[in-house]
There are 2 protein chains.
Amino acid sequence: MKWSELNDNWCPVARTLSVVGDRWTLLILRDCFLGKTKFEEFAASGGMTRHILADRLKRLVEFGILERRAYSTSPKRYDYVLTSKGEELRPALSIMKEWGKKHLPIRRAALEG
Amino acid sequence: MKWSELNDNWCPVARTLSVVGDRWTLLILRDCFLGKTKFEEFAASGGMTRHILADRLKRLVEFGILERRAYSTSPKRYDYVLTSKGEELRPALSIMKEWGKKHLPIRRAALEG
DNA sequence: AACGAAAGTTCCAGAAAGAAACGCGAGGCG
DNA sequence: CGCCTCGCGTTTCTTTCTGGAACTTTCGTT
């Protein structure tokens, strides 16, 4: 089964993952929950290439999780804000945060010798 | 940044996603939460190729989310069971399930005309 | 005119995923 | 004995996606 065919899967988890369950999308959402809205802010958080970022933002807008909003008209500029639909995913990220803090401590020893 | 470099990211969400945040891993976990344990059961749920499945199971075992357990010795057979570490991810999947049910209803209309 | 910022796009090589056949150790069967 | 099947992966080949970095466009500033 292809990723795109998950849209109509019988399982609601699969359908959710077809929208947000990829490598970088959830990291974009994390940034959103931290208050970021602008393309350059997402890009600067160092996660992904601008290429992928543009693609994922478009996707999130398509699915109504983010809204593309003009914040400047003279030079046309857009940013991205969470919709209520997007907000409802915050608890999931929250659980992942706690899980990571508990089970995946940073291995500084390996880096600093 | 490469996906693998997320391991030591400052952000616990990123670290969690470096383990479970890929296309198919969360779907395997869903199956685990539904009680599946065997390779063929996961494979039969139609999500991914055996190729990818084998890879992801290995990864989940490496990170202590699943445990590979011999359930037969005469023909050596192994299955995969959730550890407590794995169980702690259940709430995240649960939220995704509810989110999917609420926001991504199956588009039967589009299929059945 | 030159420079810089914001928000993307484009190009290419290399990595990952999909499909489907193959391997392999045990047991079962005629 | 020879052959089939089951469970659990592996291998091979082709297609798609991703990573990296430069380039574009539309203004605003100096």
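Letters A, B, ... are given to chains in the order of the sequence lines, protein chains preceding strands, and every chain is numbered from 1.
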Show the atom names and distances, to 0.1 Å, of all donor-acceptor pairs under 3.5 Å that link a side chain in residues 91-99 of chain A to residues at least two apart or in another chain.
unit_1 : atom_1 : unit_2 : atom_2 : d
A:W99  : NE1    : B:K85  : O      : 2.9

Please step through side-chain contact (heavy atoms from CB on, under 4.5 Å) for the pair B:C32 and B:R90, ending with a clear verdict.
-> CA-CA 10 Å; B:C32 291; B:R90 190 190 288 260; over 6 Å; no
Cut-off 3.5 Å, no hydrogens considered: what does the side-chain donor-acceptor table look like for residues 55-64 of chain A, sequence neighbours left out?
unit_1 : atom_1 : unit_2 : atom_2 : d
A:R56  : NE     : A:D22  : OD1    : 3.3
A:R56  : NE     : A:D22  : OD2    : 2.7
A:R56  : NH2    : A:D22  : OD2    : 2.7
A:R59  : NH2    : A:S18  : O      : 2.5

Contacts satisfying salt bridge (charged side-chain N to carboxylate O under 4.0 Å, His left out) that involve residues 35-47 of chain A (not counting sequence neighbours) are A:D31-A:K36, A:E40-A:R50
Measure from the side-chain N and O atoms of A:T25 to the backbone N and O of A:V20, and report whether any donor-acceptor pair falls under 3.5 Å.
-> no
Tell me whether the OP1 or OP2 atom of D:dC17 has a side-chain N or O from A:W24 closer than 4.0 Å.
-> no
Non-hydrogen side-chain atoms of B:L82 and B:L29 separated by less than 4.5 Å = yes
Under 4.0 Å between a side-chain N or O of A:Y78 and OP1 or OP2 of D:dT26?
-> no
Considering only heavy atoms from C-beta outward, does the side chain of A:I65 approach that of A:V19 to under 4.5 Å?
-> yes
With a 4.0 Å heavy-atom cut-off, tell me which residues in residues 33-43 of chain A come close to DNA chain D, sorted by residue number.
-> none
When you check every protein heavy atom under 4.0 Å of nucleotides 1-6 of chain D, what one-letter string (B, S, -) results, 5' to 3'?
-> -----B
Side chain to side chain donor-acceptor pair (under 3.5 Å) filter on A:T49, not counting sequence neighbours, yields none
Which of residues 49-59 of chain A sit near DNA chain C, with a heavy atom under 4.0 Å from it?
-> A:R50, A:H51
Any side-chain heavy atom of B:L53 sitting closer than 4.5 Å to one from B:W24?
-> no
Global bending angle along the helix from C:dA1-D:dT30 to C:dG30-D:dC1, which compares the axes of five pairs at either end, to 10 degrees | 10°
Starting at atom CG of A:L60, determine the distance to atom P of C:dG8, rounded to an integer number of angstrom.
-> 13 Å
Partners of B:Y80 by side chain to side chain donor-acceptor pair (under 3.5 Å), sequence neighbours excluded?
-> B:R68
The correct set of residues in residues 61-75 of chain B placing a heavy atom under 4.0 Å from DNA chain D is B:R68, B:Y71
Is B:T83 reaching over with its side chain to a backbone N or O of B:G86, donor-acceptor style, under 3.5 angstrom?
-> yes
The side chain to side chain donor-acceptor pair (under 3.5 Å) partners of B:R77 (sequence neighbours excluded) come to none
Full working for side-chain contact (heavy atoms from CB on, under 4.5 Å) between B:F33 and A:V13 = CA-CA 12 Å; B:F33 294 139; A:V13 177; over 6 Å; no
Separation of D:dG7 P from B:Y80 OH (nearest whole Å) | 15 Å
Which residues pass the side chain to side chain contact (heavy atoms under 4.5 Å, CB included) test with B:K102, sequence neighbours left out?
-> A:E88
Nearest-Å distance for atom pair CE/P, residues A:M48 and D:dT18 | 11 Å
